[in-house]
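Everything on this sheet refers to the single structure shown next.
Scope of the values below: all heavy atoms of this structure, side chains included, with no hydrogens, waters or symmetry mates. Each chain gets a letter, A, B and so on, in the order its sequence line appears, and its residues count up from 1.
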Amino acid sequence: MEGPVIRRLIREASEALEAAGLKDPKVTLTKSVKFGLLTSTSSFEEARRTGVDPMERARSVLGQLRLPEGSLLEKVEAAPPGYINFHPSWGELARAVVSEVLAAPDAYFRVEDGPREVVVEHTSVNPNKALHIGHARNVCIGDTIARVMRKAGARVLVINYVDDSGVQMAELLLGFRLLGYPLEPREGMRFDEYCGDVVYVEVNRRAEADPEVERQRREIARRIEQRGTEEFEQARRVALMVLRDQLKTTSRLGATYDLLVRESDVVVTGLWAEAFRRMKEAGLVRFVEEGPKKGCWVVDLSGHPVLSKEGDEVLVKSDGATTYVARDIAFAMWKMGASETRLLFRRIELDGQTVTMSDVEGEDLGPFRSDLVVTVVDSRQRRPQEVVRYALERMGVKGRYVHYSYEPVALSRRSAELLGVKAEGEVVHMSGRRGLYFKAEEVLDKLKEVAARETRARRPDWSEEKVREVAEALAVGAFRYGMLRIESDRQIVFDLEESLRLEGDTGPYLQYSVVRARKILQKAREAGIGQIAPDRSPPAELSEHELQLVRELAVTPLVMEEVVRTLYIRSLVTHARNLAMRFNEFYERCPVIGSGEWEGFRLSLVGAYDRIESRLLELLGIPVLDEI
RNA sequence: GGGCCCGUGGCCUAGCCUGGAUAAGGCGGCGGCCUCCUAAGCCGCAGAUCCCCGGUUCAAAUCCGGGCGGGCCCGCCA
């Protein structure tokens, strides 16, 4: 098996250039089909070294250039001011691409030299509230990375880290134990929303006004960390109840987890003790004898190029308690498969679905190793995440640990004011305390409403059930695309009205293009026009739109390769969008059914598009539909 | 004070890693296209000092340096 045709052509072009005397030639895709498929700018570099005119150099290379017998690259030309452009026989390329896609579409997504064992941690929302749109960004990114890695051929373990022992749990318990909130939400309210919207907000309000409430909160926080106390048990129970609802949301978004790890288990299993011991052996930690951090164990950051300018990071507080970073180092070591300590797991039922959750009385799932660990956490945790990475490096842990950082989701002024908050600037940060946030569920519901209204208007004959099913898929598609289309390094300024659009550069645009393709295929089947055949050559020269579509399909393996290498999901989104655009253009101008001698080829091309775009949508977690 | 991220038509974004041929898409505006595979679509028009200055280069939105503007981080919180 030679692999996708695009790789073969790049190799042929660069070998031919080399044989023609260009040293270490660079071959890239052209930016427009009118320059052919592939291009090289290496004659520019050579021209500089030798002082000749690049165009002249390109011509002289051309004189020496021989392409292999039967190559799909049929024409090479020099273009001013010195490019060497490779033009394929588009018809033959189309036949090759369509036939290999129809024969084995998944091969376009396999990446041979990528990581084989991958751990992805994402979501990891404190179990005291419902997911808001900021958390949802994390879920969409993490889930997509996991899907991509799996599709590329890696074994992937997806983990959701559940912090059930921090102060945020103490605040909740305080509400239940002392302020008398019942452990049941009001009728018709979800438990996670009840905790986040009602109990948490109220406890904070009371604690700010009354120092006694604040004192009790601290007392509960202390007891919550001691296994065996009533508070410990209750915190775990409440966390589980909230988690159950959070998982409804993540599941609605299409995300799944292989393992749920409770922070309370990371400490008791001795994972922390092992990490602490190994850090001591590596000379990475020291005990502070004096100064403001007297009595603490800290990570010695003096050897770190940047962090050394700031203070050392506290791992063990003077009262003996570990910090979040400490536990995270221990957990990261485990995720890398580098710890001797094993976490134990047990399968439990949570609201109908079976999940695998850490449990000190569970079973050992056996050792594992990972050559890549991706932790999806927002950019505000860059510093602690760098401390984690540095600690692993200094402990001699092998493998790549990546903090996949993304900027948080903020609100537009308009949307903040919708929540009753007077905004100073154009961008307002969400705040759980102030009730200033949009929950993922409410945005999805609104999106679904809009989609249902549209669908009803377009398909008056559909049943309400069908309408709602399609509306849900469109809502999820629009939501996930909205979260993924913005580069991770860029803050998302969420605007409700803007996010409820279903036209233009949105998820439904992609979904619709697949629906169109599938409708053609279905009609063809019904009309008995015949099967899409893998080996159809176009009867004459391809139109511009067919050729663009072929090119975009062909490039898919290169995009996958890039995404796996850089973890830069944005390229996948752009590719899925460009491909859909090419298809829509093709659709508008090239009739398929009833196109006579073109019918067979075009039908196959549509089939190939359906195979590839459906898989791209799947990777992005955007539901694929047969009709909308 | 130290560090990180962002700055692209009126608005929202892609392109930057890996420099290359007219800077791409959407929203909004104006004008077109449904006796033909679903118009959640397509086509056309108007609209850009790619934040500024300097450097490297045959070539800079892209790389380097310095500014300016916006955001974030530097806690015995998580």
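- Distance check on atom P: B/A61 versus B/U22 gives 12 Å, rounded to whole Å.
- A/Lys523 comes within contact range of the sugar-phosphate backbone alone, with a heavy-atom separation under 4.0 Å but no base atom that close.
- Contact between the side-chain N/O atoms of A/Lys31 and the OP1/OP2 oxygens of B/U22 is not found at any separation under 4.0 Å.
- For A/Phe44, the listed nucleotide lying nearest its side chain is B/G20; candidates were B/C37, B/A78, B/G20.
- Classification of A/Glu561 and A/Arg7 as a salt-bridged pair holds, one side-chain N sitting under 4.0 Å from a carboxylate O.
- Counting only heavy atoms from C-beta on, A/Val592 has its side chain closest to B/C37 among B/C37, B/U8, B/C4.
- Within 4.0 Å of A/Thr574, counting heavy atoms only, lie sugar-phosphate atoms of the nucleic acid but no base atom.
- Within the 4.0 angstrom heavy-atom criterion, base atoms lie near A/Asn85.
- Residue A/Glu310 places its side chain closer to B/C74 than to any other of B/C74, B/C76, B/C27.
- Because its glycosidic torsion is more than 90° from 0, B/C11 is reported here as anti.
- Mapped onto RNA chain B by nearest heavy atom, A/Pro508 and A/Ala79 fall at different nucleotides, with A/Ala79 at the one closer to the 5' end.
- With a cut-off of 3.5 Å on both Watson-Crick or G-U wobble distances, the partner of B/C50 is given as none.
- By the 6.0 Å contact criterion, CD on A/Glu526 is enclosed, its count of non-hydrogen atoms from other residues, nucleotides or ligands being greater than 12.
- Across the strands present, B/G69 finds its partner in B/C6; the criterion is a Watson-Crick or G-U wobble pair with both atom distances under 3.5 angstrom.
- When each of B/A78, B/A14, B/C76 is scored by its nearest atom to the side-chain atoms of A/Ile486, the top-ranked nucleotide is B/A14.
- The interatomic distance linking A/Asp378 (CG) with B/C6 (C1') rounds to 15 Å, in whole Å.
- A salt bridge between A/Arg602 and A/Glu599 is absent, with no side-chain N of the basic residue lying under 4.0 Å from a carboxylate O of the acidic one.
- Phosphate contact (OP1/OP2 of B/C6, side-chain N/O of A/Tyr406, threshold under 4.0 Å): absent.
- Closest to the A/Asn126 side chain, of the nucleotides B/G26, B/A39, B/A78, is B/A78.
- Of the two residues contacting RNA chain B, namely A/Glu585 and A/Glu263, the nearest-nucleotide position lying further toward the 5' end is that of A/Glu585.
- Here B/C42 is the nucleotide among B/A78, B/C42, B/C37 with the atom lying nearest to any side-chain atom of A/Asn584.
- Checking the phosphate oxygens (OP1, OP2) of B/C37, no side-chain nitrogen or oxygen of A/Arg602 falls inside 4.0 Å.
- Looking at heavy-atom distances under 4.0 Å, A/Gln511 makes no contact with the nucleic acid at all.
- Listed pair A/His545 / B/C42 fails the phosphate criterion, with no side-chain N or O lying under 4.0 Å from OP1 or OP2.
- Cation-pi check for A/Arg536 over A/Phe601 is not met; the charged atom does not lie both under 6.0 angstrom from the ring centroid and within 45 degrees of its normal.
- Heavy atoms of A/Val314 sit under 4.0 angstrom from primed sugar atoms or phosphate atoms, though from no base atom.
- Across the C1' atoms, B/C74 and B/C63 are found 29 Å apart, a figure rounded to whole Å.
- Of all nucleotides listed (B/A78, B/C72, B/G41), B/G41 comes nearest to the side chain of A/Glu503.
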Under the criterion side-chain contact (heavy atoms from CB on, under 4.5 Å), I'd like the reasoning laid out for A/Val409 against A/Met430: C-alpha separation, chi angles, the key distance, then a yes or no.
CA-CA 8 Å; A/Val409 179; A/Met430 292 196 284; 4.1 Å; yes
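- Relative to the side chain of A/Gln381, the nucleotides B/C43, B/A78, B/C6 differ in distance, and B/A78 lies closest.
- Looking at heavy-atom distances under 4.0 Å, A/Tyr568 makes contact with sugar-phosphate atoms alone, never a base.
- Nucleotides B/A48 and B/G41 are separated by 26 Å at their P atoms, to the nearest Å.
- No engagement by A/Val288 is indicated, since no non-hydrogen atom pair under 4.0 Å with the nucleic acid exists.
- The partner of B/G41 is B/C33, judged by Watson-Crick or G-U wobble contacts that both fall below 3.5 Å.
- Base pairing annotation: B/U22 forms no Watson-Crick or G-U wobble pair, as no partner gives both donor-acceptor distances under 3.5 Å.
- Side-chain nitrogen and oxygen atoms of A/Arg516 include none within less than 4.0 Å of the OP1 or OP2 phosphate oxygen of B/C42.
- Closest to the side chain of A/Asp489, from the set B/C27, B/A39, B/C6, is B/C6.
- Remark: P of B/G71 and CD of A/Glu426 are 12 Å apart, rounded to the nearest angstrom.
- One side chain, A/Gln381 or A/Tyr324, offers a donor N or O that lies under 3.5 Å from an acceptor on the other.
- An OP1 or OP2 oxygen of B/C4 is reached within less than 4.0 angstrom by no side-chain nitrogen or oxygen of A/Lys309.
- A side-chain donor from one of A/Arg57 and A/Ser60 sits under 3.5 Å from a side-chain acceptor of the other.
- With rounding to whole Å, A/Asn128 atom CG is found 14 Å from B/C77 atom C1'.
- Residue A/Ser513 is classed as having no contact, given no heavy-atom separation below 4.0 Å to the nucleic acid.
- Backbone-only contact: A/Tyr509 has heavy atoms under 4.0 Å from sugar-phosphate atoms and none from a base.
- For the pair A/Lys519 and B/C37, the criterion of a side-chain N or O lying under 4.0 Å from OP1 or OP2 is not met.
- Applying the 3.5 Å distance criterion, the base of B/C17 shares a donor-acceptor pair with the side chain of A/Glu562.
- In this entry the distance linking CD of A/Glu599 with P of B/C36 reads 17 Å, nearest Å.
- As a whole-Å value, the separation of A/Arg589 CZ from B/G44 C1' is 11 Å.
- Atom name C1', nucleotides B/G28 and B/G71: the rounded distance is 27 Å, in whole Å.
- Residue contacts shown for A/Leu474 include a base, since a base heavy atom lies under 4.0 Å away.
- Using a 4.0 Å heavy-atom cutoff across all strands shown, A/Leu502 reaches at least one base atom of the nucleic acid.
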Residues A/Asp319, A/Lys317; criterion salt bridge (Lys or Arg N to Asp or Glu O under 4.0 Å); working and verdict
CA-CA 5 Å; A/Asp319 67 1; A/Lys317 302 186 240 177; 5.2 Å; no
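- Residue A/Thr455 is classed as a base contact, given a heavy-atom separation below 4.0 Å to a base.
- Backbone-only engagement by A/Glu487 is indicated by non-hydrogen atom pairs under 4.0 Å involving sugar-phosphate atoms exclusively.
- With hydrogens and angles ignored, no donor-acceptor pair closer than 3.5 Å exists between the side chain of A/Thr41 and the base of B/A59.
- Distance noted for atom C1' between B/G32 and B/C68: 45 Å (whole Å).
- In this structure, A/Tyr161 has its ring center closer than 6.0 angstrom to the ring center of A/Phe331.
- In this structure, A/Pro292 reaches the bases: a heavy-atom distance under 4.0 Å links it to at least one base atom across the strands shown.
- Donor-acceptor pairing under 3.5 Å, judged by distance alone, is absent between the side chain of A/Thr566 and the base of B/C17.
- Here A/Tyr83 lies parallel enough and close enough to stack on the base of B/A21, with planes under 30° and ring centres under 5.5 Å apart.
- When the side-chain nitrogen and oxygen atoms of A/Arg383 are compared with OP1 and OP2 of B/C72, none of them lie within a distance under 4.0 Å.
- A/Tyr609 OH to A/Leu616 CG: the interatomic distance, rounded to the nearest 0.5 Å, is 8.5 Å.
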